[in-house]
Amino acid sequence: VQGIPIQDGCILNKNPATGELISKVPITTNVEEIVEKAHDAFLPWSTTTSAQERIELLKKGLEEIKSISTELAPLITQEMGKPLLEAQGEVEGVADKDEYFQILQDALQPIQHNSSTVIRQALGVVVILSPWNFPADEILLLALPALASGNTVIVKPSEVTPETGRMVVESMAKYLPTNVLQVAQGDGSVGAALVGNTSVKMVCMTGSSATGKKILSTAAPQLKRCVLELGGKDPMIVFDSADLEKAAHDAVAYSLSNSGQVCCSIERIYVADAVHDEFCKVVSEKFAPNFKVGNGMEMENLVGPLVSTTQKEHVEAHVQDAIDKGAELLYQSSVPEDAPEGSSFFPVTVLSNVQRGMRLYDEETFGPVVALTRFSGQEREAIDLANNDSPYGLGSAVYTKDEELAQRVATQIQAGQVGINCYALDHMDVACPWVGHKESGFGFHSGRQGFENFSLPKTIVNVPK
Ligand code: NAP
């Protein structure tokens, strides 16, 4: 999808800030053999270890990842462009999991109902297909519960971040029995071969909704279990009673973090008519200019390059289309003047009057764009716009000092997460599931309810004689 070149059976892994070659990564050609090894490793892993023992091994793997964070974080920045500080945050986040493991362990315990005991049964070989935007985190979010549940796992990292994927998998696999956790490299065709393999019993994918639909159609004839975490077009609603400074700050910060390449980026900002002009001014004059675009290895740059030149062209097309159809360009930053050939910097861009019929409004953009839309300020209209103007339903946010209004809107928005005067992802408790409603997901992970999706309940009835 990202147009990553493949030459002589290798991915040409390039740095989007410099265009330089990082490495040549051989594409996995023995998919069937890898699956067979995972299949053979499944029985001993699932039957001779307890959930607690498995979790102890996973903790050691995470310690290992923590110990290589000074290598791993810069590698993430070099492979996909995010600022080093954000990459460090991603690695620290994956390593800090005590409470998480307690919830995971509780989710896997047998439950007794009189003479019936419900135990958890692992599924078998699980394939994890991961995206490039959080290339370490998105592997572990799925691999940890899958492995703790007793499955064996094959990870196929994104073609854009193969070395990060390899490093995460190898660090963790060191502490696990042979072939319990393996890596396969390549583009979507390697992913498709894994999904279609009949020995694979579950597919966990984080990526676009388009890829999710393809995976579901391949998995359907085998009734394969799937957990798919997909795209988003998150709405933020700013009522006239909002703390405008706080709302404007968050609108900019969460449209731009990871260069706007976050599944739950703010992509549609609905601003009440009464405060619209003031809000636009604060966004474009006070907050957006703080975000300097440049190589993420230099700390002053808060917005790195987009992941690839293909992604840059996609965002450029959305912005141009919006301007051609009447959106107003309120602010656009500079990009590095000496940007090397093959780099993919895109300026921080603020647009108002973003409307239906513009690609920037109708489709997932995934770029450093703050997209503002005026609305009447009425509660009903806000809910209609948030729910009916997009097929997605991942995150969302509502900003108002009116607590009752906030609660009513939060209840009615069709999304897996709603932040009231905040960005939900930043404050969500570790016990909560991560869910995509509508076309943003199929199945879900995290929290006790999410952890239960990586094994099946089985009831053993033992009536005393
Ligand atoms: P993507 O292109 O859909 O790819 C996701 C993974 O699936 C990659 O490993 C990809 O391999 C693989 N793949 C592609 N085609 C396949 C096929 N036909 N069969 C099996 N596997 C296939 O997504 P992306 O561009 O990497 O990631 C960005 C998307 O992820 C955005 O839409 C974003 O919103 C979403 N996302 C969602 C969440 C969430 O929690 N909901 C979190 C992060 C990202 P290649 O990369 O090698 O092609």
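What you see is a predicted model, and the numbers here were worked out from it, not measured in a lab. Atoms within each ligand, like the ligands themselves, are counted from 1 in listed order.
For R225, the CZ atom counts as loosely surrounded, since its 6.0 Å shell holds 12 or fewer non-hydrogen atoms of other residues, nucleotides or ligands. Counting non-hydrogen atoms of neighbouring residues, nucleotides and ligands closer than 6.0 angstrom, the CD atom of E32 reaches no more than 12 such neighbours. Remark: K246 NZ is packed, more than 12 non-hydrogen atoms of other residues, nucleotides or ligands lying under 6.0 Å away.
Tested against L360 for a side chain to side chain contact (heavy atoms under 4.5 Å, CB included), the candidates H318, K325, R268 yield a single pass: H318.
If you check which protein heavy atom lies closest to atom 17 (C) of ligand 1, you get G188 O, 3.7 Å. Of all protein heavy atoms, the one closest to atom 2 (O) of ligand 1 is V1 CG2, 3.6 Å. Among protein heavy atoms, atom 9 (O) of ligand 1 sits closest to S130 O, 2.8 Å. Ranking the protein heavy atoms by distance from atom 34 (O) of ligand 1 puts E364 OE2, 2.7 Å first. Looking from atom 35 (C) of ligand 1 to the surrounding protein, the closest heavy atom is G207 O, 3.2 Å. Of all protein heavy atoms, the one lying nearest to atom 18 (N) of ligand 1 is K214 CD, 3.9 Å. With hydrogens left out, the protein atom closest to atom 33 (C) of ligand 1 is F366 CZ, 3.3 Å, a heavy atom. Ranking protein heavy atoms by distance to atom 41 (N) of ligand 1, first place goes to L230 O, 2.8 Å.
The side chain of W434, and not its backbone, has at least one atom closer than 4.0 Å to an atom of ligand 1 (non-hydrogen atoms only; side chain from C-beta on). Contacts of L394 with ligand 1, taken as heavy-atom pairs under 4.0 Å, involve the side chain alone.
For atom 11 (O) of ligand 1, the choice among E138, Q2, M205, K156 with the nearest heavy atom turns out to be K156. Across the listed options T206, T211, L228, T206 owns the non-hydrogen atom lying nearest to atom 5 (C) of ligand 1. When the options C263, P131, A219, G232 are ranked by their closest heavy atom to atom 36 (N) of ligand 1, first place goes to C263.
Taking every non-hydrogen atom of N133 and a distance limit under 4.0 Å, the qualifying atoms of ligand 1 come out as 43 (C), 44 (C). Close approach of ligand 1 to L129 (heavy-atom distance below 4.0 Å) involves ligand atoms 7 (O), 20 (C), 21 (N).
Side-chain atoms of W45 come within 3.5 Å of backbone atoms of N151 as a donor-acceptor pair (strictly under, hydrogens ignored). Using modelled atom types, one side-chain atom of Q261 and one backbone atom of N258 make a donor-acceptor pair closer than 3.5 Å. Of the possible polar contacts, one joining the S333 side chain to the V348 backbone as a donor-acceptor pair under 3.5 Å is found.
Once rounded to the nearest 0.5 Å, the distance linking CG of D389 with CD of Q355 reads 9.5 Å.
Geometric assessment of K97 against the ring of Y100 yields a positive cation-pi assignment under the 6.0 Å and 45° thresholds. Cation-pi contact between K233 and Y361: absent, since separation from the ring centre below 6.0 Å together with deviation from the ring axis within 45° is not met.
Residue G186 places a heavy atom less than 4.0 Å from ligand 1. At least one heavy atom of W132 sits less than 4.0 Å from an atom of ligand 1.
Between E159 and ligand 1, at least one pair of N/O atoms sits closer than 3.5 Å. Residue-to-ligand polar distances place S158 within reach of ligand 1: an N/O pair is separated by less than 3.5 Å. Looking at ligand 1, you won't find any N or O of S440 less than 3.5 Å from one of its N or O atoms.
Nearest heavy atoms, V262 versus N133: CA-ND2, 3.9 Å.
Between Y423 and Y254, the ring-plane angle classifies as parallel under the 30° and 60° cut-offs.
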